[in-house]
*Asks:* 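Before I ask anything, here is the structure I am working with.
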Amino acid sequence: MKLQKPKGTQDILPAESRRWQYVEQMARETFKKYNYGEIRTPMFEHYEVISRSVGDTTDIVTKEMYDFYDKGERHITLRPEGTAPVVRSFVENKLFAPEVQKPVKLYYIGSMFRYERPQAGRLREFHQIGVECFGSNHPETDVETIAMAYQLFTELGIKDVTLHLNSLGNTESRLAYRQALIDYLTPMRDSLSKDSQRRLSENPLRVLDSKEKEDKFAVKNAPSILDYLDEESQNHLDAVRGMLESLGIPYVMDTNMVRGLDYYNHTIFEFITKVDGSDLTICAGGRYDGLVEYFDGPVTPGFGFGLGLERLLLILEKQGVTLPVDQELDVYIAVLGEGANSKALELVQAIRRQGFSADRDYLGRKLKAQFKAADSFRAKAIITLGEDEVKAGQVRLKNNQTREEILASFADISSDFASLLSQIKA
Ligand code: ATP
Ligand code: MG
């Protein structure tokens with residue numbers, strides 16, 4: 001029997017989860033500034049929600065799904081990404097209705113599941129922070145959403161992220177390009193990786209995205225999508241580029257970037273950074289104007305991104321960014337003797353009720369061990385409570401740094417602990 005966590009999963013313990021909370025909180029605050037609201041969808045979906053929208057030939061669907069049949073013979077999958085579920089929910093809850101303000105701006109934070117080979121920054125259960133914006137086909141929306149991710153990275157203190165930009169154009173442009181790419185790749189079919197030989201017939205654009213050496217070599221001189229954009233597609237891209245420049249958001253055009261999902265059109269982008277010399281994508285997204293219709297909703301443009309939380313934290317760590325997450329305790333109550341136990345409980349509760357963090361000894365330890373505990377909890381103040389103090393109705397309250405101390409009555413502790421703390425400047 002295996003009593004260990006499944007391969008590719010993680011336990012997030014308190015010292016680490018504080019960093020997660022900080023990043024999540026920063027994301028929530030940033031998204032709020034852009035008028036986004038949170039959506040929470042189920043962790044599992046009907047298989048079809050993912051398979052057809054993400055694309056029948058993508059790695060996610062062909063190799064990486066955690067799917068199973070439940071006891072009612074329904075084909076279920078743990079969600080591998082956030083966009084398809086959110087679009088499903090958008091349609092199911094009729095958020096397209098005229099009385100719902102447009103654009104509809106939604107974000108999510110949660111687990112995603114992919115059956116992958118685990119390695120640094122690649123897990124089987126991982127977490128994404130993602131956003132989706134429905135109802136605007138304006139290039140301003142593309143730029144605003146990219147700028148929001150950029151602002152989040154800036155506020156977290158991440159350095160050296162490069163924005164890679166490309167356009168897949170509209171359907172006509174993409175079809176024209178698809179044919180050009182087939183014409184270019186077919187003569188060198190045998191030199192492609194097995195996967196890419198398959199992609200060439202099923203989904204040729206994805207050959208550009210391959211990480212295999214032979215494929216990277218083959219696509220070096222491939223035609224560029226930018227030469228196949230029609231006027232509408234070109235205008236959209238030009239507008240996005242112009243606005244990124246006017247906002248001072250640096251980017252590079254990356255015409256070999258096509259993204260792993262099938263549903264994108266026009267603008268696609270990734271934020272890439274280097275970790276130990278190799279490129280790692282932390283955030284990726286783009287425009288998906290056909291997806292709502294695909295879920296039987298009315299034609300509704302969409303734009304969004306997904307951001308890997310583990311990768312973000314990995315990069316923060318590698319770049320030596322310290323997050324302000326050290327936890328302190330406002331007060332620790334050292335308890336001496338059985339007779340002080342119930343008073344200790346009363347006091348610690350009274351202090352917590354007033355909004356302070358407080359803890360106490362439960363183990364009847366020697367004072368020295370208790371003071372050590374107070375230090376390791378980074379207690380700002382210490383109360384020492386023994387049977388004598390219980391009788392006297394007052395205790396010593398001490399600043400754990402400066403050692404400055406005062407006498408405090410139980411009544412004052414229960415009614416105005418804040419002013420006692422300020423007297424010892426803790
Ligand atoms: P990759 O090319 O690295 O496999 P992807 O194209 O499959 O990425 P997306 O589906 O665009 O990734 O997901 C968005 C983001 O989620 C990625 O940029 C990455 O930060 C994160 N991500 C994707 N898969 C994993 C995983 N298995 N473990 C951790 N993070 C992941
Ligand atoms: Mg992948």
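Atoms within each ligand, like the ligands themselves, are counted from 1 in listed order.
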*Asks:* Number the atoms of ligand 1 from 1 as they appear, then name those within less than 4.0 Å of a heavy atom of Gly306, with their elements.
*Replies:*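 Result: 14 (C), 15 (C).
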*Asks:* Indicate yes or no: does an N/O atom of Ala284 lie under 3.5 Å from an N/O atom of ligand 1?
*Replies:*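 No, Ala284 has no N/O under 3.5 Å of an N/O on ligand 1.
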*Asks:* For Asn170 and His266, does a side-chain donor sit closer than 3.5 Å to a side-chain acceptor?
*Replies:*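 Side chains of Asn170 and His266: no pair found under 3.5 Å.
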*Asks:* For Lys211, counting its heavy atoms only, list the atoms of ligand 1 lying under 4.0 Å from any of them.
*Replies:*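 Checking each atom against Lys211, I get 1 (P), 2 (O), 4 (O).
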*Asks:* Do Arg124 and Tyr115 meet the cation-pi criteria used here (NZ or CZ under 6.0 Å from the six-membered ring centre, within 45° of the axis)?
*Replies:*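 Yes; both conditions hold, so Arg124 lies above the ring face of Tyr115.
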*Asks:* Just let me know how Arg122 lines up against ligand 1, side chain, backbone, both or neither, with a heavy-atom cut-off below 4.0 Å.
*Replies:*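 Both backbone and side chain of Arg122 come within 4.0 Å of ligand 1.
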*Asks:* Which part of Arg124 is near ligand 1, with near meaning a heavy atom under 4.0 Å away: side chain, backbone, both or neither?
*Replies:*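 The answer is neither; Arg124 stays 4.0 Å or more away.
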*Asks:* Quick one: which ligand 1 atoms are inside 4.0 Å of a heavy atom on Ile282?
*Replies:*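 Every atom of ligand 1 under 4.0 Å from some heavy atom of Ile282: 18 (O), 20 (O).
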*Asks:* Atoms of ligand 1 less than 4.0 Å from Gln128 heavy atoms?
*Replies:*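 It comes down to these atoms of ligand 1: 13 (O), 14 (C), 15 (C), 16 (O).
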*Asks:* Would you confirm whether Asp215, through its side chain, and Ser193, through its main-chain N or O, come within 3.5 Å as a donor-acceptor pair?
*Replies:*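 Looks like yes, one N/O pair under 3.5 Å.
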*Asks:* Any donor-acceptor pair under 3.5 Å linking the side-chain atoms of Thr30 with those of Gln151?
*Replies:*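 The answer is no; no qualifying pair exists.
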*Asks:* Say whether Ser233 and Ser173, considering side chains only, have a donor N or O and an acceptor N or O under 3.5 Å apart.
*Replies:*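 Yes, a side-chain donor-acceptor pair sits under 3.5 Å.
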*Asks:* Is it the case that Gln370 and Tyr332 place a side-chain donor and acceptor less than 3.5 Å from each other?
*Replies:*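 No, no side-chain donor-acceptor pair sits under 3.5 Å.
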*Asks:* Which atoms from ligand 1 have a heavy atom of Leu123 less than 4.0 Å away?
*Replies:*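 Close to Leu123: 26 (C), 27 (N), 28 (N), 29 (C).
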*Asks:* Looking only at heavy atoms of Glu81, does any of them come nearer than 4.0 Å to an atom of ligand 1?
*Replies:*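 No, that is not the case, since the closest heavy atom of the residue is not under 4.0 Å from the ligand.
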*Asks:* Can Tyr107 and Glu132 be counted as having a side-chain donor-acceptor contact under 3.5 angstrom?
*Replies:*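 No, no side-chain donor-acceptor pair sits under 3.5 Å.
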*Asks:* Indicate, with yes or no, if the rings of Phe271 and Phe153 have centres closer together than 6.0 Å.
*Replies:*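 When the ring centroids of Phe271 and Phe153 are compared, they turn out to be within the sub-6.0 Å range.
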*Asks:* If you measure from atom 24 (N) of ligand 1 to every heavy atom of His127, Arg114, Glu64, which option wins on shortest distance?
*Replies:*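 That would be Arg114.
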*Asks:* Report yes or no: is the cationic atom of Lys105 (NZ for Lys, CZ for Arg) closer than 6.0 Å to the six-membered ring centre of Phe90, at no more than 45° off its axis?
*Replies:*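 Cation-pi check for Lys105 and Phe90: fails.
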*Asks:* Can you name the atoms of ligand 1, numbered from 1 with element, that are less than 4.0 Å from a heavy atom of Glu116?
*Replies:*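 Answer for ligand 1: 24 (N), 25 (C), 26 (C), 27 (N).
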*Asks:* For atom 29 (C) of ligand 1, state which one of Gly82, Gly121, Gly308 supplies the nearest heavy atom.
*Replies:*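 Nearest option to atom 29 (C) of ligand 1, by heavy atoms: Gly121.
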*Asks:* Can an N or O of Thr281 be found at a distance shorter than 3.5 Å from an N or O of ligand 1?
*Replies:*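 Yes, Thr281 has an N/O under 3.5 Å of an N/O on ligand 1.
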